[in-house]
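Working notes, beginning with the structure itself.
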Amino acid sequence: MWREFYSEIMSISRVLIIICLLGAYPMPGLTAEVDTIIEGVSGSMLTNIKLYMDIEQQKKSMDHTEANIRQLHAKATEQIKEAVRPFGYYRAAVESSLTLANEIWLARYKVSLGEPIIIQTLQIQLLGEGATDKQLLEETNSFPLQLGDILDHELYKISKQALLRIAYQSGYFDSHFTRHELKVDLEKNKAFIFLFLNTGPRYRFGNVTFVQNIYDDSYLKRFLPFAKGDPFNLDKLAELEFRLNDSDNFQKVDRSNFEHDKTLYQDNEIPIELKLSPKKKHYFQFGLGYSTDTKSRALFKWRNRRLNSKGHQFGSETSISERVEETSLRYAIPLQKPNTDRIEIIGALKKEDSVRAEALTRELILRRTIARSGNWIESLSVRHTSGPFEIEGDRDYDARMFLLGASWSKRVADDLRYPRRGYRFTLDSETTQDDFVGSKTDYFQIRSQIKTIQSSGPNVLVSRAEVGYLATNNFCVLQPDLIFLTGGDHSIRGFDYKSIPSPVQGNKSVFCNDGKPSTNHQTLEVGSIEYQFWFAENWGFSSFYDTGKVEQRTTEAWERGAGIGLLWRSPVGPFSLAVARDLSKRDRAIDERISDKVRIHISIGPNL
């Protein structure tokens, strides 16, 4: 019994050994790998050749028999020639070889493109009402293929379709080619292109109907970027839909498919019907946050989106933090361009407690904002401000000022929430005269800020600059928000919120002492540079250097701060946790609030 069992085991072992030996050596006709080398071409032409070649497409999935490989290799030459024809090469030659070495089949192809097909004739004609259309003429004059160019079949096809598409977008809905012909003379290596486009009549905008029962048509028609009878243009129609969606009035905008029902057209005018689904009448927002400038804070907003049928809105906003408490009421009246142009009446009450000053400010503001060309936003305002305040212990004033103001701003960014390239520029000014509507002193202030963002791969360079000038007869009656104070998260890090300039001597004020002004002017200069290194999609480090000064009676030293930070692209916006150090060399006996300790800065909000 044991002998039979042993004999059976030995038989099985011999079978396994034979199987292993067979697996170690390939059977005739099989190989382990196929590789291809294509020489003489590159770029999109090489890509197209690989798509045409069966041996290239199947080398990872075929059964690797020698017969199969040789068959695919034999077909490759014609496939290569066919693949280069769309690029204008009809006389290509291919040298090929197929070798086996170290169980790898190597298929090599050397391509000689030969003489290309050159465009000898290019005739593009516009017929119909669009024969003098400026945009269509520009498109024909800048046709991507020109006389003397190498023929490119794909570019010809794309360019022909683009010309027809532009005609359609411009309102020539009956456009069609009466002749679209491409001839190739292989003997002379020449190509002849004939494109005759008959645009037919140009359609125009007809009546626009808004399907809704909330707003007056007179208000909704202010969103129109065109008038009845204007030449039809799909871009203008898309702009109308964007304006309505961007207005904060509508949840959804649906447009009728006018293109498919020409029975609705009258005198070649296209009626437009838009179905508007409004958003909820009341908007509420509540939020909690923290920054080292204002400390912990809570925010509550309410807005009535539809105070009446003319698009007027009314709302309130309350913000409470350890340093700043503010509440305001706002009434907004839309103007000719409702999304950007408006008149606002604002009443606000603000209590602020910073290192240098304490103030309770009452404001009444009338402001008109309009959009100018080039993405500029212009605001003109009159502002009445009053309330008690204290600056560096020199108490107690209650001044009134009636100010005329103007500001201009512009923002350009590739992404509003997480920009990688862009800039923001602002210029604002306010002025008044002594006794003008109760003002207590002459006053003039102008300030400009610019911030730029540039990217280098995944990383970002952020630079910032701010300059300002202020002149007045009497600093003693100016509330803290009317003078230059800087320092904190968004100015010079390493310093407390609005802690610059420092006192001149102990707690003596640099602005006003014993009711007498210490100076009659200020200049503000702030600069910053920050490099952001993003080591993951949503996480990064930053290093920065901030500097600046507020100059008054004498030449002030530049305050300097530097540090590093942790960055996070959070779901609610950019988050920054930075550690900064005051690098200024000052006598700390003059200002007890200055210390050698590092300062932590936390901020949440858009970079531009």
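- For K252, the salt bridge (Lys or Arg N to Asp or Glu O under 4.0 Å) partners at least two apart in sequence or on another chain are D254.
- Between F250 and F223, the ring-plane angle classifies as perpendicular under the 30° and 60° cut-offs.
- Counting heavy-atom neighbours within 6.0 Å of E322 CD, excluding the residue itself, gives a total above 12.
- A donor and an acceptor atom, one from each side chain of S491 and T486, are located under 3.5 Å apart.
- Using a cut-off of 4.0 Å between Lys/Arg side-chain N and Asp/Glu carboxylate O, D582 and R599 are scored as not salt-bridged.
- Not counting sequence neighbours, K410 has no partner by the salt bridge (Lys or Arg N to Asp or Glu O under 4.0 Å) test.
- For E352, the salt bridge (Lys or Arg N to Asp or Glu O under 4.0 Å) criterion is met by K350, K498, not counting sequence neighbours.
- A 6.0 Å sphere centred on CD of E537 holds no more than 12 heavy atoms belonging to other residues, nucleotides or ligands.
- Other residues, nucleotides and ligands contribute over 12 non-hydrogen atoms within 6.0 Å of the NZ atom of K451.
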Just list the side-chain donor-acceptor pairs under 3.5 Å for residues 205-214, sequence neighbours left out, or say none.
{"from": "Q212", "atom 1": "OE1", "to": "I214", "atom 2": "N", "distance (Å)": "2.8"}
{"from": "Q212", "atom 1": "OE1", "to": "Y215", "atom 2": "N", "distance (Å)": "2.7"}
{"from": "Q212", "atom 1": "NE2", "to": "Y215", "atom 2": "O", "distance (Å)": "2.8"}

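- R222 is linked by a salt bridge (Lys or Arg N to Asp or Glu O under 4.0 Å) to nothing, counting only residues two or more places apart in sequence or in another chain.
- Between K236 and E241, none of the side-chain N atoms (NZ, or NE/NH1/NH2) sits under 4.0 Å from a carboxylate O, so this pair counts as no salt bridge.
- In the model, T385 has a side-chain atom that pairs as donor or acceptor with a side-chain atom of Q479 under 3.5 Å.
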Below 3.5 Å, can you tabulate the donor-acceptor pairs from side chains in residues 340-349 to any protein atom, sequence neighbours excluded?
{"from": "D341", "atom 1": "OD1", "to": "A371", "atom 2": "N", "distance (Å)": "2.8"}
{"from": "R342", "atom 1": "NH1", "to": "T340", "atom 2": "O", "distance (Å)": "3.3"}
{"from": "E344", "atom 1": "OE1", "to": "R367", "atom 2": "NE", "distance (Å)": "3.3"}
{"from": "E344", "atom 1": "OE1", "to": "R367", "atom 2": "NH2", "distance (Å)": "3.3"}
{"from": "E344", "atom 1": "OE2", "to": "R330", "atom 2": "NH1", "distance (Å)": "3.1"}

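- Remark: the S170 side chain and the Q135 side chain contain an N/O donor-acceptor pair separated by less than 3.5 Å.
- Counting only N and O atoms by type, the side chains of E559 and S584 include a donor and acceptor under 3.5 Å apart.
- Because its NZ or CZ atom is both nearer than 6.0 Å to the ring centre of Y283 and within 45° of the ring axis, R303 counts as a cation-pi partner of that residue.
- The side-chain tip of R569 points at the ring of W534 from less than 6.0 angstrom away and within 45° of straight on.
- If you run ring-ring contact (aromatic ring centres under 6.0 Å, His included) between W568 and each of F541, W539, F535, only W539 comes through.
- E378 and R368 are joined by a salt bridge, as a carboxylate oxygen and a charged side-chain nitrogen come within less than 4.0 angstrom of each other.
- Stacking of R323 on the aromatic ring of Y497 is not recorded, the 6.0 Å distance cut-off and the 45° axial limit not both being met.
- Judged by distance alone, the side chains of T441 and D434 never bring a donor and an acceptor atom under 3.5 Å apart.
- Counted within 6.0 Å of CZ on R400, heavy atoms from surrounding residues, nucleotides or ligands total 12 or fewer; the atom is thus considered open.
- Here the shortest heavy-atom pairing between S321 and R297 reads CB-CB, 3.5 Å.
- Between F300 and F284, the angle of the ring planes lies from 30° to 60°, which puts this pair in the tilted group.
- In I600, the CD1 atom is not crowded: 12 or fewer heavy atoms of neighbouring residues, nucleotides or ligands sit closer than 6.0 Å.
- In this structure, R464 pairs ionically with D546, as a charged nitrogen and a carboxylate oxygen lie closer than 4.0 Å.
- Within 6.0 Å of the CD1 atom in I564, the count of heavy atoms belonging to other residues, nucleotides or ligands does not exceed 12.
- Taking 4.0 Å as the cut-off between side-chain N and carboxylate O, D414 and R420 do not count as a salt-bridged pair.
- Side-chain polar atoms of E466 and Q449 form a donor-acceptor pair below 3.5 angstrom.
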